[in-house]
Number of protein chains: 2
Amino acid sequence: MSEDRIATNLRKGVLEYCVLALLSHGEKYGLELADDLTSRELIASEGSLYPLLARMRENGLVEPRWDSSGTGRPRRYYAITDHGTEQLTTFAKVWTSLGAQVDALLEGSR
Amino acid sequence: MSEDRIATNLRKGVLEYCVLALLSHGEKYGLELADDLTSRELIASEGSLYPLLARMRENGLVEPRWDSSGTGRPRRYYAITDHGTEQLTTFAKVWTSLGAQVDALLEGSR
DNA sequence: ACAGTAACCTTGTATAGCAAGACTTGCAAT
DNA sequence: ATTGCAAGTCTTGCTATACAAGGTTACTGT
């Protein structure tokens with residue numbers, strides 16, 4: 001199917017803000033985010049997520065924290081920063097506006 | 001502004017199908033498409049469009065035709081193919097589904 | 001000891017949009 | 001005629017992103 005290729009390209013630039021939206025409810029760790037995003041079909045593998053989280057860390061959108069208290073391998077929990085919250089708001093505007101344009105085009109092509 | 005960077009990434013994978021949607025109403029030439037897409041804020045410059053049209057031509061989504069009949073420099077008119085129409089339909093499904101997921105996340109983050 | 005698994009991360013690849021500009025053609029002033 | 005302008009097509013070099021595949025670390029169960 002070519003649906004995969006279509007979806008892959010659509011995800012570009014969306015994923016970053018989906019992560020921010022998920023974190024706006026409270027901190028989460030990597031695999032937890034990956035599972036959530038996978039079930040929503042917003043990523044195809046962890047290979048997208050970890051490099052993304054590294055970028056977001058560098059850009060100050062999220063703040064990581066190691067937690068070794070539990071059992072098993074230590075988890076790295078991510079929390080959204082103020083800057084991240086601002087960016088999420090900005091994204092919501094751009095997404096709404098661009099989405100409306102695309103919807104209009106698709107609507108008109110039937 | 002960082003809105004530009006956000007929009008740039010969002011456009012990836014969308015533009016191709018916006019072109020198909022526009023062509024579903026009848027053939028258009030390059031600059032005509034560029035102007036239309038620019039006014040809808042779906043491209044930032046022609047630099048995105050011509051390489052895209054070349055790809056779409058190679059993939060059999062559009063069929064070009066030179067027209068020197070009018071005044072001025074010859075224009076290359078593009079028409080959508082059957083394959084292009086199919087792809088547009090597939091895209092509409094993926095777009096709707098992915099868009100709903102993103103909307104749900106944004107909705108939940110307020 | 002050994003396999004399994006949860007969790008983290010890295011490497012290499014393909015692709016898409018963009019800015020800037022080159023090239024060509026016709027037309028309109030001077 | 002010649003210069004300049006505008007419309008139109010296309011190219012080059014750049015950056016950023018998602019992905020597949022694989023590798024590492026820590027713990028648990030048998």
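Using the six-membered ring where Trp is involved, A:Y77 and A:Y29 have ring planes that are perpendicular, over 60° apart on the 30 and 60° scheme.
Residues B:L15 and B:S48 share a closest heavy-atom pair of CD2-CB, 4.1 Å. Scanning both residues, B:L88 and B:S24, for their nearest heavy atoms gives CD2-CB, 4.5 Å.
The nearest whole Å value for the distance from the CD1 atom in A:I43 to the P atom in D:dA21 is 15 Å. A:L15 has its CG atom 7 Å from the P atom of D:dC19, to the nearest Å.
For the pair A:T71 and D:dC27, the criterion of a side-chain N or O lying under 4.0 Å from OP1 or OP2 is not met.
For A:R40, the side chain to side chain donor-acceptor pair (under 3.5 Å) test picks out A:D36, with sequence neighbours left out. Shown here are the side-chain contact (heavy atoms from CB on, under 4.5 Å) partners of B:T81, two or more places apart in sequence or in another chain: B:E63, B:H83. In this structure, the side-chain contact (heavy atoms from CB on, under 4.5 Å) partners of A:R76, at least two apart in sequence or on a different chain, are A:R57, A:P64, A:W66, A:Y78. Every side-chain contact (heavy atoms from CB on, under 4.5 Å) that B:A34 has, sequence neighbours left out, goes to B:L31, B:I43, B:E46, B:L49.
Taking the side chain as every heavy atom from C-beta outward, B:Y17 and A:V102 never approach each other to under 4.5 Å.
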Original post:
Can you give one letter per nucleotide of nucleotides 2-16 of chain D, going 5' to 3': B for a protein heavy atom under 4.0 Å from the base, S for sugar-phosphate only, - for none?
Top reply: -----SBBBB-----

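Heavy-atom distances to DNA chain D give each of A:G72 and A:R11 a nearest nucleotide, and the one nearer the 5′ end belongs to A:R11.
Within 4.0 Å of B:L49, counting heavy atoms only, lies no atom of the nucleic acid at all.
Between chain A and DNA chain C, the heavy-atom contact criterion of under 4.0 Å yields a 5' to 3' nucleotide range of C:dA6 to C:dA16.
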